2 protein chains.
Amino acid sequence: MKLKIDELEDLARGAAFLGTGGGGNPYLGRLMLERVMKEGFEVEIIGVDEVPDDALVIPTAGMGAPTVTVEKLLVPEEYLLALQRLEDFLGRKAFATMPIEAGGTNSIVPLIVGAMRGIPVVDADGMGRAFPELQMVTFSVYGIKAAPMSLADVHGNSVILEAEDNATAEWLARGNCIRMGGHASVGIYPMSGAEVKKCSIPRTLTIAREIGRTIREARAARTDVVEALCQYLRNNDTYGDARVIFEGKIADLRRETTRGFAIGQARIEGSGAFSGDLEVTFQNEHLIARAGGRVVAMVPDLICILDLETSEPITTESLRYGQRVTVLGVGAPPIMRTPEALGVFGPKCFGLDDTYVPFDSCPTP
Amino acid sequence: MKLKIDELEDLARGAAFLGTGGGGNPYLGRLMLERVMKEGFEVEIIGVDEVPDDALVIPTAGMGAPTVTVEKLLVPEEYLLALQRLEDFLGRKAFATMPIEAGGTNSIVPLIVGAMRGIPVVDADGMGRAFPELQMVTFSVYGIKAAPMSLADVHGNSVILEAEDNATAEWLARGNCIRMGGHASVGIYPMSGAEVKKCSIPRTLTIAREIGRTIREARAARTDVVEALCQYLRNNDTYGDARVIFEGKIADLRRETTRGFAIGQARIEGSGAFSGDLEVTFQNEHLIARAGGRVVAMVPDLICILDLETSEPITTESLRYGQRVTVLGVGAPPIMRTPEALGVFGPKCFGLDDTYVPFDSCPTP
């Protein structure tokens, strides 16, 4: 399937929704891919089933603090360089690339790389959402090694890492990313087609596009956008329950760029049917939402903050004091909720003391 | 020339003297090489002239804060891994290895690597002393690129860096070194035999051994060790003037491990013929010595602190309150004092405001 340039906005918007605060800014992701497509490069998206078992797939992404990424000029070439450096190191060309996560930039990066390199992009990723750390993907859960991996920056500097485990790869890569200015492009989790089939979350590029389209169409028809979105997600067989968990105004915002991440907390004062406060904690992505001390949604389930008027997804670096927002919870795909998966990206992995309660069983404030 | 195991102590001691506070602890360096030699590996040292012009030479070293290095268990294999990773990346085996600096550990590391890999070690380095940062070598001054370079740690993690310039290589490598626990082994400045001849400081392994022997023999003969040392250095055609600049007791010591370095200042209260204080500032290595506000020695000239009783060189991590010490200044080799060289490791490169005054023209307190 060839991606059309007028599908880009839907895709970036839907990916930003799935990014649950992180995964990069959808506007920046879209601008880069638009430039590349206008230069004549074509984006070909293929299904997981179309990848030969023995093909080499190299996922590509940007990593860093979203607060930094929006202030840097991102350049398509730096993402291509990450892929090329890893190909050179492996001594083998990639058959395809793919996203490691869903997000406004990180769903788009592989499309840029694939277009420029003339290879297809697999319609799948390793989370069905975004996560702040490189080991936090289904690939890790199912035994794929993050390294050898590559990092590159806009100046052409590059790094190849080999690490004993995926947490060490993250630790070393984060250090490089910080020294590269807080953002780096990566080529990571080189794997076979058989492995992609076994351990990725399929169709997330398609779902992102459909989410973006659902928002656009409901908005144009002046129907309830959030209701349309929840209906779409509930009928979709990838995700779990989807419902509004809060509505209100951002009354307090603490956000710092530290250890290479955007880390902080937003307090939302209820409005409409909601009273009291919702507190949302984030590390690049929204991690946990509490109302009156009770957890109403938590990782790995999705916490998505939308503009109350436009239903446009708001990424963590774009949260502002006074914004009026709707907060949605979405149950993560079942593959993300196994004990093994929770061991890699459950609440404990973020230093949270709370035991995981699936979103479907969480109270609504 | 095959190195004998009973020459090791002289070599490590003399190298620690040239390390001017840094370059690693001589005891640790010696222990590692002794283990390797006792296992039957042989060390072959060759002169600069014995390296074919088109041969590949890959210098090897440890990098990190000496305060950390003395607390970690260093293992010969981690140094060998750095060489092998860079060889693999370059797709070419090294003809020889060599030190990048003179120092208690860093003169020894290439001997370990050479012995284990079965390749000779070139009797030369890139400073004739030690410096804290990777770009601070004659190789940089004369246009050799630090990268591609490798880093490895004791757990088998490794990194290959490609960088636009040598300062960027240092910046990225330091970040990796910090995340590897404050110490890493490196393979760096891969160059041709012709380049080694053009831009290294020859015979520094031999000089280190002769310095060590001079100290040992003068001590055994109960003659003035420091006087014997100064005479040896003055008669040597590599270094400039050598003389005692101070003698006294360490009365104040500030030292912190920060940014991956051991950084601080020692205040020495004069004794014997010396009154007042000498202040020595260091970043891994001793950078500048001031008495009564006047500079009496500064980078790139050598400031060497010896135990007053034994004349054993004291590295910065081993400085202690109350130690009685003799401080020697030694003029750096002429190749280290050109305007181009001062641009890479002159006082300004360490954030010092002082203009470089060659040691030969500095006042003695």
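Computed from a prediction, not measured in an experiment: that's the story for all the values here. Below, chain A is the first sequence line, B the second, and so on; all start at residue 1.
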So, the part of B:Ile178 with a heavy atom under 4.5 Å from chain A: the answer is side chain
Run A:Phe350 and A:Phe131 through ring pair (Phe, Tyr, Trp, His ring centres under 6.0 Å) and show every step you take.
CA-CA 10 Å; A:Phe350 298 90; A:Phe131 269 132; 5.8 Å; yes
Is there a side-chain contact between B:Val159 and A:Ile160 (heavy atoms, below 4.5 Å)?
no
Side chains of B:Leu90 and B:Pro190, heavy atoms from C-beta outward: is any pair under 4.5 Å?
yes
A side-chain contact here means heavy atoms from C-beta on lying under 4.5 Å apart; do A:Leu56 and A:Ile58 qualify?
yes
Compile the donor-acceptor pairs, distance criterion under 3.5 Å only, formed between chain A and chain B.
residue  : atom : partner  : partner atom : Å
A:Arg85  : NE   : B:Glu162 : OE2          : 3.1
A:Asn157 : OD1  : B:Glu164 : N            : 2.7
A:Ser158 : N    : B:Glu162 : O            : 2.8
A:Ser158 : O    : B:Glu162 : N            : 2.8
A:Ile160 : N    : B:Ile160 : O            : 2.7
A:Ile160 : O    : B:Ile160 : N            : 2.7
A:Glu162 : N    : B:Ser158 : O            : 2.8
A:Glu162 : O    : B:Ser158 : N            : 2.8
A:Glu162 : OE2  : B:Arg85  : NE           : 3.1
A:Glu164 : N    : B:Asn157 : OD1          : 2.7
A:Trp171 : O    : B:Arg179 : NH1          : 2.9
A:Trp171 : NE1  : B:Arg179 : O            : 2.6
A:Asn176 : OD1  : B:Asn176 : ND2          : 2.7
A:Asn176 : ND2  : B:Asn176 : OD1          : 2.7
A:Arg179 : O    : B:Trp171 : NE1          : 2.6
A:Arg179 : NH1  : B:Trp171 : O            : 2.9

Would you mind reporting whether B:Met63 and B:Leu134 have side-chain heavy atoms less than 4.5 Å apart?
yes
With a 4.5 Å heavy-atom cut-off, do B:Val141 and B:Cys199 have their side chains touching?
no
